[in-house]
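Please read the structure below before turning to the comments.
Chain naming here is simple, since letters A, B, ... match the order of the sequence lines and numbering starts at 1 in each.
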2 protein chains.
Amino acid sequence: MVGHRVSFAGGTSRGVVLDLIRTRGPISRVALAELTGLTQATMSTVVRQLLDEGLILETGRGESTGGKPPVMVDIDPYSRFAVGVQLGRESITYVAIDLSGAIVGRTRTPGVGSTEPAEMVGRLAAEIDRTLAGLDIAKRSVLGVGVVAPGPLDLAHGAILRSPHLSAWSNVPIRDMLSTALGLPVLLDNDATAAAIGDFWSGRLDGVTAHATVYMGTGIGAGILIDGIVFRGASSNAGELGQVLAAADDGGPVVLEDVAAPSAVVERARSTASCARWGLTGLDEFDDFRRIALAAAHGDAEAGALIEFSAGHLAAGVLTLANLFDLDSITLAGPGFGVAGPTYVTAISRRLETDLFARMRHGVRVRLSPDVANAAAIGGAALVMQHELAPRTMGLSSLVAR
Amino acid sequence: MVGHRVSFAGGTSRGVVLDLIRTRGPISRVALAELTGLTQATMSTVVRQLLDEGLILETGRGESTGGKPPVMVDIDPYSRFAVGVQLGRESITYVAIDLSGAIVGRTRTPGVGSTEPAEMVGRLAAEIDRTLAGLDIAKRSVLGVGVVAPGPLDLAHGAILRSPHLSAWSNVPIRDMLSTALGLPVLLDNDATAAAIGDFWSGRLDGVTAHATVYMGTGIGAGILIDGIVFRGASSNAGELGQVLAAADDGGPVVLEDVAAPSAVVERARSTASCARWGLTGLDEFDDFRRIALAAAHGDAEAGALIEFSAGHLAAGVLTLANLFDLDSITLAGPGFGVAGPTYVTAISRRLETDLFARMRHGVRVRLSPDVANAAAIGGAALVMQHELAPRTMGLSSLVAR
DNA sequence: GGATCTTTCTTAGGCTGCTTTATTAAGCAT
DNA sequence: ATGCTTAATAAAGCAGCCTAAGAAAGATCC
C-alpha cells in the first residue's frame, strides 16, 4: 500500500470510517487506518473531524502492545437521531433510532385509510413532532425522516406510483410535502430496501459482500445491498422477488407472490374444511395469517402444511435470488415472518445448503430480523442516517448526464 | 453543477472520458465536459493527456453554433490492440481487436483436448505471437491478453477451478504462466462476463444502466453489467442463469440448464423417432444442435418444437433475471445462438413484453450479438482494454481490508 | 529510576485532480 | 473593421490524500 493513493470517491472516506467505527468500535485510529488503507496521518484528521462534529467520542485507552496504548473512539449514539415512518393500510408505524441504529421510541397510529394526502401529511408531521418531543429529542439533532411504502415508487419525485391500498396517493409528492411541513429532510423508499439498509446500519452485516433482505408484507420483495450500497437496477425495481416464477399445483407457471405470500396462504386456508378451527376473520390478511401460523406452531398439522407450502416456494425463489446475485447473507423481515419466521429460515437454509450453486465455495448466512414487524420503519430511519452521514451510490452513471 | 466537486474515484475520469469518446465520438471537449459534469478546463487537460498517449486524435472542426467551432476528437482505433483467447474443448479461438472493439484478426486452432497445461501455455503463447506478427501488430501496442474459459474460476489466482472438459487444468495458475511466457498482462474471466464487457466496449450499450449478456455454450450463464461495471457478487459466481429453477415436463423442479441448454435439446431430440432425419452424430453437441436448429429454420415442425421448447424455458429464466436485476438491456451470445438466435430473441422479447414487472416503466432491449460465435473471445480482449485503460470496480469493499 | 525502545498520534509540507477566474483564439453578425 | 459568441488554455487556489518528521506516552532494560 506504499506510494499508491487510496481514494474514496467524493469524500466518501468520512462515511467509510464512520461505518467502521459503528460496526467495529471501540476502535483505535491505527486500526482504522489499517482497515481502510488510509494512512495514520489522514485517519487522524478524519477522526478529528468526526469528533468535532460530535458523532464519535474518545472512550478511553486500549491495551498497549509494547508502546503507547491507543485511544479508542466509538459512536456517540445519542448525538444524532432519525425517524422512520412506515405507511401501512391498517396502521402507521413511527420509529426513532439513535446513531447506532437502536430503537429509542416507537408509536403506532391508525392506518392511512381514505384520508386525503394533504391532511395525512399534516397528521404525520404532527405525530412525528409529538413523538420527538415525548422522547425529549431536540429537533436539531434529528437528521431527517425516512418514509417507507410498499409497491412501486417514483424515487426521483418522492411519490408513490401506485399502491393497492394507497390509490389516492398516486403521484402525490409526499416526500417534499412532508419535508416542508416538518422542516426536515425526508426520504422515500420501499419497504424491502429500507429494511436492508436497516440491517446494514445496525452493524449486523459486517464482512458481508452481497446481501438481500427478503421482505414479506402484502407482497414479497428483496432489498439488495452490495458492500452496503443499494442495488437498484435500471428503474429502481430490482429485487422483485415476488415476481419470480414458481411452480403451481397444476404444473402451470405462477408468480411466487401468488403462492407464498400471506394472502395466498390465507386464501388456500379458506378453501379448507379446517378453516373455521383457526378462527379466520377474512378482515385482515396478516391477522388471519398469524392465526394459521400460531396453529402451526401449536402442532396443527394442516396449518403446518400450509406454512410449509409457502416456505418451500419461498425457499425456491430465494435459491434463485441467491444464485443470481451470488449472495452471502440473507435476512428475513416483515410482518409475514411474525410468527412463522423460524420455519421460513429453516426451509430457506436447508434449500440453500443442498442446492446453492456456490455452496462449495461459501455459505450463506440466513437470519431472521431481530424485529420483523418494525424492520421497515427502522430501515427508513437508517436510510436517512446513511444518506446524511455516509452517502454512497453505485457505479458512475450518476456522474454522466443524460 | 456549480460549486460542487465532481470526483471519479481513483483517477477514473480519464477512463470515463475515453468511454464517452469511444461511444459518442467524434465529440468536442465542451460536449465531453457537459456529459461528465467536469469543467471545460479539466476536460482540456484530460483530453490533452489522451492525445499525448496517442489514444485519441483531433479529427477536424465541428459545426459552429455562433462562435468558434469546436475541435472534434475521436478514438485512434489502431493505436492499441488486445488479444482474446477462448479456451474450448473442440477449438481455441484467438481474436485481436483494436481500440474501437472491432475485430482485426481471428485464428482457430484445435481444442485443448488432453494437452498438459504447461505445454498448452507454450502453444498459446506461440500462436498469439504468430497471430500478432501476421497482422503486423507491434507487441508494444498490445495491451494484453484476455483468456476466457467456461465454468467456475478462481479469479484471485487466475486459475480454472473445475471444468467438465478441462479437468487437468484445475488450480493451474494459467493466467500467470501465460503472462510470463508472453511478457504481456493476462486476465482470466468466464465467457458470459467477457461477452458482456465486449458488448459494452463496442459501444452498443450506450445509455444502458443494467445489462445482461446471456451466454449459451455448454452451460447457460449471464454476465451482468451495471453502468459498465461487472457485477460479481460474493464469490464471482453471480449470474448463474443456468441454475434458475425451471418447470420440468412432469411438474418436478429442474434447473434451466437441464431443459434449455443445447445438450438438453440434443438429448431430447435423440429420444425422438425423427432423430435420424437430422443426421445427429452424437459426437459434438453443438454440431448436433446446429443441425436441429437448421432443420427448424427450414420448416421442420418437430425440430422447431424442440427449439421453441428450449427458447420458452430460457425466456422464463431471462424474465426472472430481468425482474430481479431490473434490466434494461439484454444481449444473447455464444454458440448456442448460432442458428436459432432469432427464435430465442423473439421468445424472450415476447415474454418480457407481456410479463416484465416494470414493463409499464421501461422496455428491455433484447438483441442478438453481432458475432455470437466469437463474442466471448472478443470480450476477453475487451476485458483487457477496460482493465488497462478504464479500470473500474463496484463498491467500496476493495478498499476495506478484511 | 533513568535511558532507550515501541507505538500512537499530530504537524508540516507536497502532490494531484479538481475548481474558479481570466485570457487567448477563432469563428459569426452587422 | 467592430463587436459578440463560443472554444480552448492558462493561472491560481482548494481539498484530500500522501510522505516525512516529531511529539507524546507508555513498556522495557539496565
Side-chain angles (χ1 to χ4, degrees), chain A residues 1-18 21 26-52 56-73 390-392 396 399-400, chain B residues 1-18 21 26-53 56-73 390-391 396 399-400:
Chain A
M1 197 58 62
V2 175
H4 217 278
R5 185 196 185 83
V6 174
S7 171
F8 303 91
T12 317
S13 67
R14 200 193 72 135
V16 171
V17 171
L18 190 61
I21 295 175
I27 187 170
S28 72
R29 290 167 175 81
V30 172
L32 286 169
E34 271 170 23
L35 286 170
T36 56
L38 297 169
T39 60
Q40 295 183 10
T42 302
M43 192 50 66
S44 185
T45 63
V46 172
V47 167
R48 162 71 31 218
Q49 199 197 333
L50 293 172
L51 284 167
D52 289 347
I56 62 173
L57 293 171
E58 297 192 333
T59 60
R61 291 283 159 90
E63 286 275 294
S64 165
T65 57
K68 173 182 169 180
V71 175
M72 309 303 269
V73 296
R392 39 180 64 184
L396 308 162
L399 300 173
V400 180
Chain B
M1 197 57 61
V2 175
H4 218 279
R5 185 195 184 81
V6 174
S7 171
F8 302 92
T12 317
S13 68
R14 199 193 72 133
V16 171
V17 172
L18 190 60
I21 295 175
I27 188 171
S28 72
R29 289 168 176 81
V30 171
L32 286 169
E34 269 170 23
L35 287 170
T36 57
L38 297 169
T39 60
Q40 296 185 9
T42 302
M43 193 51 63
S44 185
T45 65
V46 172
V47 167
R48 162 73 29 220
Q49 200 197 333
L50 292 171
L51 283 167
D52 288 347
E53 293 175 88
I56 61 173
L57 292 172
E58 296 192 333
T59 59
R61 291 281 161 92
E63 286 275 295
S64 166
T65 57
K68 174 183 169 182
V71 175
M72 309 302 268
V73 296
L396 308 162
L399 299 172
V400 179

B/Pro70 side chain, from C-beta outward: closest of C/dT8, D/dA7, C/dA26: D/dA7

Output the rounded distance in Å from CD (B/Glu58) to P (C/dA26). 12 Å

Please check the phosphate of D/dG26 (OP1 and OP2 only) for any side-chain N or O of A/Arg61 closer than 4.0 Å. yes

Let's see if you can work this out: which of C/dG27, C/dT19, D/dT9 has an atom nearest to the side-chain heavy atoms of B/Pro69? C/dG27

Tell me the bend of the helix from C/dG1-D/dC30 to C/dT30-D/dA1 as the angle between end helix axes, each from five pairs, rounded to the nearest 10 degrees. 10°

When all nucleic acid strands are considered with a 4.0 Å heavy-atom cut-off, which category describes B/Thr39: base, sugar-phosphate, or nothing? base

Smallest heavy-atom separation, A/Ala390 atom then A/Gly15 atom, equals CB-CA, 3.5 Å

Begin with the C-alpha distance, continue with both residues' side-chain angles, and end with the deciding distance and a verdict on side chain to side chain contact (heavy atoms under 4.5 Å, CB included) for B/Leu51 and B/Arg48. CA-CA 5 Å; B/Leu51 283 167; B/Arg48 162 73 29 220; 4.2 Å; yes

If you check every side-chain atom of B/Thr42, which of C/dT8, C/dT10, C/dC18 has the closest atom? C/dC18

Does the side chain of A/Ser44 get closer than 4.0 angstrom to OP1 or OP2 of C/dC9 through an N or O atom? no

Side-chain N or O of B/Arg29 closer than 4.0 Å to phosphate OP1/OP2 of D/dT9: yes

Closest nucleotide of DNA chain C for A/Val30 versus for A/Gly66: which of these residues is on the 5' side? A/Gly66

Which nucleotide sits closest to the side chain of A/Ala41: D/dA8, D/dT19, C/dC18? D/dT19

Separation of D/dA8 P from B/Leu51 CG (nearest whole Å): 11 Å

What is the distance, rounded to the nearest whole Å, between atom CD of A/Gln49 and atom C1' of D/dC17? 14 Å

I need the minimum non-hydrogen distance between A/Gly62 and A/Pro69, along with the two atoms involved. O-CB, 3.3 Å

Under 4.0 Å, counting only non-hydrogen atoms across every strand here, what does B/Val71 touch: a base, just sugar-phosphate, or nothing? sugar-phosphate

Starting at atom CE of A/Met72, determine the distance to atom P of C/dT8, rounded to an integer number of angstrom. 10 Å

Check the distance between C/dG17's P and B/Leu50's CG and give it to me in whole angstrom. 13 Å

Between A/Arg29 and A/Met43, which heavy-atom pair has the shortest distance, and what is it? O-CG, 3.4 Å

Just to confirm, is there a sub-4.0 Å distance from OP1 or OP2 of D/dC17 to any side-chain nitrogen or oxygen of A/Ser13? yes

What is the minimum heavy-atom distance between B/Met72 and B/Pro26, and which atoms define it? CE-O, 3.6 Å

Residues A/Thr42 and A/Thr45: closest non-hydrogen pair is O-OG1, 2.7 Å

Looking at every heavy atom in both B/Leu32 and B/Val73, which two are closest together, and how far apart are they? CD1-CG2, 4.3 Å

When A/Gly67 and A/Met43 are each assigned the nearest nucleotide of DNA chain C, the 5'-most assignment goes to A/Gly67

Given D/dA8, D/dC17, C/dA26, the nucleotide with the shortest approach to the side chain of A/Leu38: D/dC17

Apply side chain to side chain contact (heavy atoms under 4.5 Å, CB included) to residues A/Thr36 and A/Val46 and explain how you reach the verdict. CA-CA 12 Å; A/Thr36 56; A/Val46 172; over 6 Å; no

Quick one: B/Gln40 CD to D/dA11 C1', roughly how many Å, whole number? 16 Å

Using a heavy-atom cut-off of 4.0 Å across all strands, would you classify A/Ser64 as base, sugar-phosphate, or nothing? sugar-phosphate

Judged by each residue's nearest nucleotide on DNA chain D, which is more toward the 5′ side, A/Val46 or A/Lys68? A/Val46

